[in-house]
Amino acid sequence: MAVDQNERRESDGLGDTLVGRRADDPRTAEPVRTRFARFLGLHPDARASNRGANGELVSGWWLGRLPEGWHVINEVPVGDAGGMVDHVVIGPSGVFTINTKNLTGKVWVGPKSILYNRRSTDFLPRATAEARRASRLLAAAVGRPVEVRGVIAILCDNWTIKQRPAEVYVDATRGVKDWMLRQPAVLRAQEVIELAAAASNADTWA
């Protein structure tokens with residue numbers, strides 16, 4: 001996909017304005033909290049021992065290894081009720097909200113449900129609602145429809161995938177990254193930049 005010099009210059013300057021960091025920024029390879037989270041006073045040490053937080057760090061590390069032209073925004077606060085999107089990823093293949101799970105035990109994935117240690121979970125409806133909400137908020141920010149695909153990245157001891165859901169993609173962290181890169185390009189470089197800038201603005205998610 002060709003990128004003209006103006007787009008490349010704008011993209012090169014975007015990294016310092018993002019809530020998180022550009023995927024092609026070498027600093028993103030480190031499991032860091034976002035600047036926005038630090039601005040809000042959310043301290044990483046408070047969650048260092050939490051499995052969920054560790055799962056987010058692992059996912060953030062893999063997502064930070066996406067190629068140039070992809071943007072990763074970590075731990076995005078949504079609304080005023082303490083909601084948080086683990087990762088928003090924007091690239092040529094589209095916009096994705098990624099919910100990370102770091103679990104001990106067995107996970108079973110079917111077309112309409114995910115079981116954890118044989119118990120029902122709300123993973124799928126929550127991921128679906130998360131993506132739809134991000135779609136509405138980003139659309140309002142840029143003034144046009146924005147399709148957002150929900151994703152669940154799971155780290156666990158044992159997997160059984162009978163059939164993946166149609167609306168939400170479910171896989172391990174590395175599988176999620178590889179899947180996104182395999183998707184056909186649907187956004188031009190300028191659209192990626194526009195959406196990354198909107199996603200990096202805290203007012204978009206308020």
Side-chain angles (χ1 to χ4, degrees), residues 1-29 32-37 39-40 56 59-79 83-100 126-153 167-169 173 176-206:
M1 180 180 300
V3 180
D4 64 32
Q5 291 184 349
N6 289 334
E7 287 181 342
R8 186 174 296 280
R9 283 196 295 270
E10 186 173 354
S11 178
D12 287 344
L14 181 61
D16 291 335
T17 71
L18 286 174
V19 173
R21 291 188 174 133
R22 289 189 344 186
D24 51 304
D25 186 333
R27 294 171 295 175
T28 311
V32 296
R33 295 289 297 240
T34 68
R35 286 175 290 180
F36 187 41
F39 174 75
L40 292 178
E56 292 172 20
S59 296
W61 185 84
W62 275 111
L63 295 173
R65 297 170 68 83
L66 285 163
E68 183 177 358
W70 288 78
H71 302 270
V72 180
I73 304 171
N74 300 311
E75 296 181 325
V76 179
V78 180
M84 181 83 71
V85 178
D86 293 337
H87 311 282
V88 175
V89 178
I90 302 169
S93 300
V95 182
F96 308 88
T97 51
I98 300 181
N99 190 293
T100 60
R126 290 176 69 90
T128 300
E130 192 173 78
R132 290 176 178 173
R133 187 176 189 184
S135 176
R136 292 195 302 270
L137 294 174
L138 286 172
V142 301
R144 58 180 173 80
V146 177
E147 182 178 357
V148 178
R149 181 76 184 270
V151 176
I152 302 176
E167 196 167 356
V168 175
Y169 184 76
T173 303
V176 164
K177 186 199 76 166
D178 293 342
W179 171 80
M180 289 191 298
L181 292 176
R182 291 196 305 269
Q183 301 308 297
V186 296
L187 297 176
R188 295 180 290 107
Q190 186 60 38
E191 292 175 314
V192 172
I193 294 168
E194 177 190 27
L195 288 166
S200 74
N201 186 342
D203 291 338
T204 296
W205 308 101

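Side-chain N or O atoms of Trp70 include none that pairs as donor or acceptor with a backbone N or O of Pro92 at under 3.5 Å. A donor-acceptor contact shorter than 3.5 Å is absent between the side chain of Ser93 and the backbone of Leu181.
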### Message
Walk me through whether Phe96 and Val176 qualify under side chain to side chain contact (heavy atoms under 4.5 Å, CB included).
### Response
CA-CA 10 Å; Phe96 308 88; Val176 164; over 6 Å; no
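Taking CD1 of Ile152 as the reference point, atom CG of Asn99 lies at 6.0 Å (rounded to 0.5 Å). To the nearest 0.5 Å, the span separating CZ on Arg182 from CE on Met180 amounts to 10.5 Å. To the nearest 0.5 angstrom, Thr97 atom OG1 is 12.0 Å from Arg133 atom CZ. A distance of 10.0 Å separates CZ in Arg188 from CD1 in Ile193, rounded to the nearest 0.5 Å. Atom CG of Leu195 is separated from atom CD1 of Ile90 by 5.5 Å, given to the nearest 0.5 angstrom.
Within the 4.5 Å cutoff, the side chain of Val78 has heavy atoms near those of the Leu137 side chain. At a threshold of 4.5 Å between non-hydrogen side-chain atoms, the residues Val88 and Trp205 count as touching. With contacts defined as side-chain heavy-atom distances shorter than 4.5 Å, the pair Val151/Ile98 qualifies.
Nearest approach of Ala198 to Val142, heavy atoms of both residues: CB-CG1, 3.8 Å. Ala197 and Ser200 make their closest contact through O-OG, 2.8 Å (heavy atoms, listed as atom of the first residue, atom of the second, distance). Nearest approach of Ala196 to Ile73, heavy atoms of both residues: O-CD1, 4.0 Å. The nearest pair of heavy atoms linking Glu130 to Met84 is OE2-O, 3.7 Å. Heavy-atom minimum distance, His71 versus Gly69: CD2-O, 3.9 Å.
Among residues at least two apart or in separate chains, salt bridge (Lys or Arg N to Asp or Glu O under 4.0 Å) pairs with a member in residues 135-149 are Arg144-Glu194.
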